[in-house]
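Input: a single structure, listed below in structure tokens.
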Amino acid sequence: MIRHVRTGLMTASILALSSGAAFADYELNILHINDLHSRIESINKFDSTCSAEEEGKNECFGGVARLKALIDQKRQDLSGKNVLLLNAGDNFQGSLFFTTYKGLAEAEFLNLMKFDAMTVGNHEFDESEDGLAGFLDKIAFPVVTANVLPSQKSKIGDRIKPSIVLDVGGQKVGIVGAVANDTPELSSPGPDILIGDDVATTTAAVEELKKQGVDKIIALTHVGYPRDLAAIAKIPDVDVVVGGHSHSLLSNTDAKAEGPYPTMVDNPGGYKVPVVQAGSYTKYLGDLVVTFDDKGVVKAAKGDPILVDSSVKPDEAVLARVAELGKPIEELRSKIIAKTEAPIDGSRDNCRARECEMGSLLTDAMLDRVKGQGVTIAITNGGGLRASIDAGDVSMGEAITVLPFQNTVATFQIKGDGIRAALENGLSKLEEGGGRFPQVAGMKYAFDKSKPVGSRVVSVEVKEGEGYVPLDPAKTYSLVTNNYMRNGGDGYDVFKTQGENAYDYGPGLETVLADYLAAHQPFKPYTDGRITEVASAAGAATAEPAAEAKPAADAAAAQPAATAGSTAAASGPQKHVIAKGDTLWDLAKAFYGDGALWAKISEANGKPAPRHLHVGTELEIPAK
């Protein structure tokens, strides 16, 4: 049983009892999700809405009906034990359910699952504070985010707390929340909500809990796996980190995992902090078991995410409610708009790191839409592409799932030096898989990831006639982007401050995509080398075409080729040239026989993003 404890009302007798009595080890089971992104219905292997045919073939995952059923089953299995159900944010945005109901459908289903606490994600602000206020009106569980700082005029009032204390099996468990520092760039919290520093505000909230005698503290964050490892897990007295934002699958059994589950981080206090995250889109339910000693220090942590696949029978009542809410949008969603010869890759890993098929398609579609206006260049953010499209018939629902944010076509003029500055911004978060990565049309650019932020662009060429010429920094160009970026979103401040003659009210991107596909069917997906990465392993200075993106359906993780002696690096350091599909986990397994040793390779190579290794780069493989 879990009871909410009002902070500051712990009596002296309780404090005396807790300080004078010796307790046995305390075991806490933490079930958790993150980045639901309005996947109310089940999804297919492309993270899009699953069809009836795919359901019939048992090819579907997740959805709130399956997730609710699995949570209920886990609670039953853990009856009599200490259990928490936590939500690490970004429940908004990603399907027609959010487009139609603006977060109220998500609130209804989350209530049925009976979460114990949630932190907000950046996308909870996509409808400004109005949308979040409506969500808060409906939910029946607490929201904790220490760095959300509303003014007195804010509509959310005091309903988002820095922390909360729960009584779980007679023990006090503190939960502190945090959202990404760049939320104002990623979303639209508005003028009445300040986003404070995640570490400073979390630290202050933890210190307050410690003053109240709470010695088991969970950081429930939406800042991303790299930030959790580098900063949150190192905050004094944080015991466990349950995260979101980067959509990271951590696992001890999946070769594609970004890291082990849990990932243990050394805290300066002399103890280890387990960090977990469970993919996204309701496809996984995180399942962590933490053992604390009688002083509230983590002794052990174990677990693995549970795949919410077709073996989980959906909750029938929830399924019926989903169908009921889906009736008003079914006609729009089911309309067939085009046909494609092959899957169109819009995967997060590709579109935030290199040219991807969906990025080339969308920017070409945007440029085609405004070509009569003299616009010659298109730029859009890879993070705005939220799904792939499978082969065959394409529905309007799929187009909206790819582009769920209701962004519009925006045109403006800017000088060449502003375009280069925009590209530098787009390349500034590569290590984190940042959504600002620039997908383009009407131009080509090359970049060097090894260079410092702000100096990564190697060359830029713009299309003139049938050829390309170098970008002229003093020349004024006409661009098309989306209204979010044109107004400075994702760090593209240069578009807002230097752009001229702006018009932000063109057609919706999902309509532009649908119309272009309809006019070019059957559509054949492509990448054509418009974005290239300079090989930096041996100081190479020439640009190599970006590896053609493989459709998500076929993107199996390639096992690194084992050379003689690569099964163990005991003979001394070795080198490995990255091949397509390599991950640090794969490499550690191949060279050391244990994927869990991936961090050794990471440390030796400047901690590259584990799931964004670039083909052709040479890695040092240290001795085991």
Side-chain angles (χ1 to χ4, degrees), residues 35-57 59-63 92-101 105 247 280-283 322-323 325-348 350-351 356-366 369 380 382-407 439 482 507-526 549-555:
D35 298 280
L36 181 143
H37 282 296
S38 194
R39 293 318 201 265
I40 303 298
E41 297 174 298
S42 60
I43 60 172
N44 59 20
K45 59 188 176 183
F46 300 104
D47 297 331
S48 297
T49 302
C50 217
S51 67
E53 180 182 0
E54 289 167 322
E55 284 283 10
K57 294 179 181 179
E59 295 176 346
C60 300
F61 305 89
F92 284 15
Q93 204 64 268
S95 80
L96 287 172
F97 281 86
F98 181 77
T99 304
T100 303
Y101 297 108
H247 296 214
S280 58
Y281 302 149
T282 71
K283 191 172 182 178
V322 170
L325 290 174
K327 286 178 182 178
I329 57 179
E330 185 56 40
E331 183 178 346
L332 170 64
R333 180 170 55 189
S334 60
K335 180 182 178 182
I336 300 301
I337 55 172
K339 185 182 291 290
T340 179
E341 292 183 2
I344 307 171
D345 176 32
S347 64
R348 181 185 180 93
N350 279 326
C351 294
C356 70
E357 291 170 348
M358 194 68 75
S360 295
L361 164 60
L362 178 60
T363 51
D364 282 350
M366 294 165 65
R369 190 70 169 218
T380 198
L385 306 171
R386 308 303 286 192
S388 300
I389 292 177
D390 52 357
D393 289 341
V394 181
S395 69
M396 190 64 200
E398 287 179 289
I400 295 174
T401 300
V402 172
L403 297 162
F405 300 118
Q406 298 179 286
N407 292 136
Q439 299 288 334
N482 60 69
L509 290 187
E510 73 283 356
T511 300
V512 171
L513 178 68
D515 289 349
Y516 189 83
L517 284 171
H520 295 80
Q521 59 177 318
F523 182 76
K524 185 175 182 179
Y526 56 87
K550 197 169 185 178
D554 304 320

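All residue numbers in this chain count up from 1 along the given sequence.
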* Salt-bridge criterion met for Arg333 and Glu330 (N-O under 4.0 Å) -> yes
* Member of Asn407, Asn482, Thr363 meeting the side-chain hydrogen bond (donor to acceptor under 3.5 Å, both in side chains) criterion with Thr380 -> Asn482
Looking at residues at least two apart in the chain, or sitting in another chain, which of them share a side-chain contact (heavy atoms from CB on, under 4.5 Å) with [X]?
{"X": "Pro507", "answer": "Arg369, Val409, Val512"}
{"X": "Lys524", "answer": "Glu341"}
{"X": "Glu331", "answer": "none"}
{"X": "Glu510", "answer": "Met396, Ile400, Leu403"}

Euclidean distance, [Y] [atom2] relative to [X] [atom1], rounded to 0.5 Å:
{"X": "Glu53", "Y": "Cys60", "atom1": "CD", "atom2": "SG", "answer": "10.0 Å"}
{"X": "Ser42", "Y": "Glu59", "atom1": "OG", "atom2": "CD", "answer": "11.0 Å"}
{"X": "Leu513", "Y": "Ile337", "atom1": "CG", "atom2": "CD1", "answer": "6.5 Å"}
{"X": "Cys356", "Y": "Gln439", "atom1": "SG", "atom2": "CD", "answer": "4.0 Å"}
{"X": "Tyr516", "Y": "Asp364", "atom1": "OH", "atom2": "CG", "answer": "5.0 Å"}
{"X": "Asp390", "Y": "Ile344", "atom1": "CG", "atom2": "CD1", "answer": "9.0 Å"}

Test of understanding: with salt bridge (Lys or Arg N to Asp or Glu O under 4.0 Å), list the residues that count as partners of [X], not counting sequence neighbours.
{"X": "Glu55", "value": "Arg66"}
{"X": "Glu398", "value": "none"}
{"X": "Lys339", "value": "Asp393"}

With sequence neighbours left out, write down each residue that passes ring pair (Phe, Tyr, Trp, His ring centres under 6.0 Å) with [X], or none if nothing qualifies.
{"X": "Phe523", "value": "Tyr526"}
{"X": "Phe97", "value": "none"}
{"X": "Phe405", "value": "His123"}

Given side chains that start at C-beta, do those of [X] and [Y] come closer than 4.5 Å, heavy atoms only?
{"X": "His247", "Y": "Tyr281", "answer": "yes"}
{"X": "Val402", "Y": "Met358", "answer": "yes"}
{"X": "Leu509", "Y": "Met366", "answer": "yes"}
{"X": "Leu325", "Y": "Ile40", "answer": "no"}
{"X": "Pro525", "Y": "Thr340", "answer": "yes"}

* To do: With sequence neighbours left out, write down each residue that passes side-chain hydrogen bond (donor to acceptor under 3.5 Å, both in side chains) with Thr282, or none if nothing qualifies.
  => none
* **Partner residues of Ser360 under the side-chain hydrogen bond (donor to acceptor under 3.5 Å, both in side chains) criterion, sequence neighbours left out** =>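 By the side-chain hydrogen bond (donor to acceptor under 3.5 Å, both in side chains) rule, Ser360 matches Glu355.
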* Donor-acceptor under 3.5 Å (Glu41 side chain, Val322 main chain) -> no
* **Polar side-chain atom of Ser95 near backbone of Ser38 as donor-acceptor pair, under 3.5 Å** => yes
* Asked: Centroid-to-centroid, His37 to Phe98, below 6.0 Å?
  ->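 No: the rings miss the under 6.0 Å criterion.
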* side-chain contact (heavy atoms from CB on, under 4.5 Å) partner of Thr401, the single match among Asp47, Ile43, Thr49, Leu96 -> Thr49
* Asked: So, for Thr99 and Pro404, which heavy atoms are closest and what is the spacing to 0.1 Å?
  ->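 Where Thr99 meets Pro404 most closely, the heavy atoms are OG1-O, 4.1 Å.
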